[in-house]
Every structure is written in C-alpha cells, then in structure tokens.
Amino acid sequence: MALLELSGIAKHFGAIEALKGVDLSIESGEVVGLMGDNGAGKSTLVRVIAGNFRPSEGEIRLGGEVKHFHKPVDARAEGIEVVYQDLALCDNLTAAANVFLGRELKKSFGPVQVLDYAAMYARVAELFNELKSETRPRDLVKVLDLIRRLRDRGIAVVLISHRMPDVFAVCDRVVVMRRGNKVADKTIGLTSPEEVTGLITGAIHLA
C-alpha cells in the first residue's frame with residue numbers, strides 16, 4: 001500500500017482547470033521529482049497535497065485512509081511536509097530559519113512577542129542530529145544531502161525542481177506535468193533528461 005495516494009485530483013479556479021484528474025502514489029522512503037513548465041500544475045498539485053487548496057474533485061489517501069485537508073495545519077498534523085527546491089528556500093537565511101519559516105517559535109514579554117532563536121536553533125540541532133546531517137542550524141541551506149537523509153529514514157519526499165541534474169541525482173521517480181495533466185510518471189533509470197525535457201516542452205506528448 002502506498003503511503004500517499006492521489007486519485008483523480010482536479011482543481012478548478014472558475015473556468016480555469018489547473019489540474020485535470022491527476023493520479024499519483026508515493027511510497028515510504030521514495031523521492032519523487034515533480035517537473036513541468038510554468039503553469040503546468042505542479043505547484044497547484046503540491047498545494048492540494050499540503051492543504052493550501054481543497055481539490056475540486058478526487059481523493060487524497062494516507063495509508064489507505066481518505067483525508068480531507070481544509071488548511072495546511074491539517075496536512076501538517078498528518079505528517080505532510082513538502083520539500084521544494086530553491087524557490088521555497090531562502091538562501092539568505094540560516095537552516096534553522098528555513099525550517100521554521102512561517103511558523104517561527106516565539107516568546108512573550110508581557111504584550112510583546114519576539115522570535116525565540118535559541119529554541120529554534122536547539123530544535124533544529126536535534127533534528128539534524130537525528131538525520132546525522134552535518135548541516136548546522138546557523139549554516140546557509142544545503143538541500144540534496146538532507147533529502148537523501150530523509151529518504152533513508154523512510155520519509156517520502158516530493159521535490160519540485162527545474163534542475164534536471166538534481167532530479168536525476170536524488171530522485172527515484174520523475175513525474176512530469178503539462179497543462180494540468182500528468183504526462184509521465186517514470187522510474188529515473190527508465191528515462192533520460194532528454195525525454196523529460198521533451199515531455200516538459202510538449203515535443204513528446206506522453207511517456
């Protein structure tokens with residue numbers, strides 16, 4: 001049984017069909033590269049998985065159980081954290097600041113709240129120690145090594161990237177989106193950067 005299963009996921013914004021009946025499954029410890037041109041639907045698909053958008057049609061299942069996410073905190077409570085490439089990581093921030101981006105720990109001094117950097121650094125140090133990562137909380141971010149560590153712990157990872165070498169270096173499968181459709185879902189060893197590029201651009205229609 002797959003850890004995460006999407007069945008017939010569609011998302012409409014008025015007359016715009018951002019996603020058209022997408023099926024996708026991800027196993028524990030699997031890294032899936034999600035690729036496509038701008039407007040292909042990959043970000044919308046990930047936002048559906050992460051609880052930012054509710055699907056117009058289709059089902060999301062975790063461990064075979066149907067889930068309904070109304071907001072990101074619902075997906076996070078089920079253990080869903082989607083790993084993006086550079087566009088969602090701030091390379092001017094430390095690793096700790098990136099881990100807590102948008103959900104920073106705070107402490108209160110009466111009516112005033114300030115960021116609790118010490119608590120964030122301590123928690124991230126614990127996480128990196130668990131992952132046996134050499135990244136330190138105050139380091140600027142490193143990505144691919146951390147993804148490998150997560151994979152080795154049995155955590156499923158979705159990686160959105162335009163960098164073909166990164167996808168072929170770290171992913172087990174590559175899923176290609178075009179105009180809201182999933183046009184390919186292939187094991188890395190059974191495809192090539194040239195084929196994936198053709199699928200992204202439309203030179204190759206399906207694979």
Side-chain angles (χ1 to χ4, degrees), residues 1-13 17-36 40-85 88 99-103 123 126-127 130-133 143-144 146-161 166-191 196 199 206-207:
M1 180 186 298
L3 177 64
L4 173 67
E5 296 176 275
L6 308 181
S7 300
I9 296 294
K11 181 61 182 176
H12 309 144
F13 297 97
E17 292 182 281
L19 296 172
K20 305 171 186 176
V22 176
D23 297 328
L24 179 64
S25 65
I26 305 172
E27 305 286 341
S28 298
E30 187 175 32
V31 182
V32 175
L34 187 58
M35 304 194 77
K42 57 190 186 300
S43 294
T44 302
L45 182 64
V46 170
R47 286 178 179 141
V48 168
I49 295 171
N52 299 92
F53 296 151
R54 295 185 65 184
S56 303
E57 300 170 23
E59 285 187 341
I60 300 173
R61 292 188 293 275
L62 279 175
E65 184 179 344
V66 176
K67 299 291 181 179
H68 301 282
F69 302 140
H70 300 279
K71 51 189 179 298
V73 69
D74 297 337
R76 189 168 291 141
E78 296 288 346
I80 292 179
E81 294 284 355
V82 181
V83 177
Y84 292 79
Q85 187 65 299
V99 168
F100 283 100
L101 192 61
R103 48 181 174 161
R123 178 58 185 141
E126 291 174 5
L127 291 171
E130 290 175 22
L131 292 171
K132 296 181 173 58
S133 171
V143 181
L144 299 185
L146 290 180
I147 291 174
R148 293 186 182 101
R149 300 282 189 184
L150 293 169
R151 176 197 62 200
D152 292 345
R153 291 188 62 197
I155 296 172
V157 176
V158 175
L159 172 66
I160 292 183
S161 180
D166 288 359
V167 169
F168 276 78
V170 78
C171 295
D172 302 295
R173 284 163 44 218
V174 59
V175 170
V176 180
M177 301 287 298
R178 190 172 68 248
R179 296 181 181 177
N181 295 292
K182 185 182 79 172
V183 296
D185 185 344
K186 303 193 73 172
T187 301
I188 284 291
L190 298 178
T191 186
V196 172
L199 289 160
L206 287 171

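Between Val22 and Met177, the closest side-chain pair of non-hydrogen atoms falls below 4.5 Å. Residues Ile60 and Ile49 fail the side-chain proximity criterion, which asks for heavy atoms closer than 4.5 Å. Between Leu6 and Ile26 there is no side-chain heavy-atom pair separated by less than 4.5 Å. Residues Ile188 and Val174 are in side-chain contact: their nearest non-hydrogen atoms beyond the backbone lie under 4.5 Å apart. With a 4.5 Å cut-off on side-chain heavy atoms, Phe168 and Thr191 count as touching.
Checked by atom type and distance alone, the side chain of Lys182 pairs as donor or acceptor with a backbone atom of Asp23 at under 3.5 Å. With hydrogens and angles ignored, the 3.5 Å screen pairs no side-chain donor or acceptor of Arg173 with any backbone N or O of Asp185. A side-chain donor-acceptor contact under 3.5 Å links Lys42 to the backbone of Gly36.
The CZ atom of Phe69 lies 4.0 Å from the CD1 atom of Ile80; values are rounded to the nearest 0.5 Å. Here the straight-line distance linking atom CG of Leu150 with atom CG of Leu159 works out to 11.5 Å at 0.5 Å rounding. Interatomic distance, CD of Glu30 versus CG of Leu4, reported as 10.5 Å (0.5 Å rounding). Note that OG of Ser43 and CG of Leu34 are 8.0 Å apart. Values are rounded to the nearest 0.5 Å.
Nearest approach of Ser28 to Gly154, heavy atoms of both residues: CB-O, 3.5 Å. Nearest heavy-atom pair, Asn52 versus Pro72, reported as atom, atom and distance to 0.1 Å: ND2-CG, 3.4 Å. Nearest heavy-atom pair, Asp172 versus Gly29, reported as atom, atom and distance to 0.1 Å: OD2-O, 4.0 Å. Contact detail for Ala75 and Ala50: the closest heavy-atom pair is CB-O, 3.3 Å.
Each side chain to side chain donor-acceptor pair (under 3.5 Å) pair with one or both residues in residues 54-63, not counting sequence neighbours, appears once here: Ser7-Arg61, Arg54-His70, Glu59-Arg61.
Within 6.0 Å of CZ in Arg76 there are more than 12 heavy atoms belonging to other residues, nucleotides or ligands.
Arg149 has no carboxylate O lying under 4.0 Å from a charged side-chain N of Asp152, or vice versa, which leaves the two without a salt bridge.
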Inset, instruction - Begin from the C-alpha positions of Val157 and Arg151 and carry the test side-chain contact (heavy atoms from CB on, under 4.5 Å) through to its verdict. - result: CA-CA 7 Å; Val157 176; Arg151 176 197 62 200; 5.6 Å; no

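For Glu5, there are no side chain to side chain donor-acceptor pair (under 3.5 Å) partners two or more places apart in sequence or in a different chain.
Leu24 pairs in a side chain to side chain contact (heavy atoms under 4.5 Å, CB included) with only one of the listed residues (Val158, Ile9, Leu45), which is Leu45.
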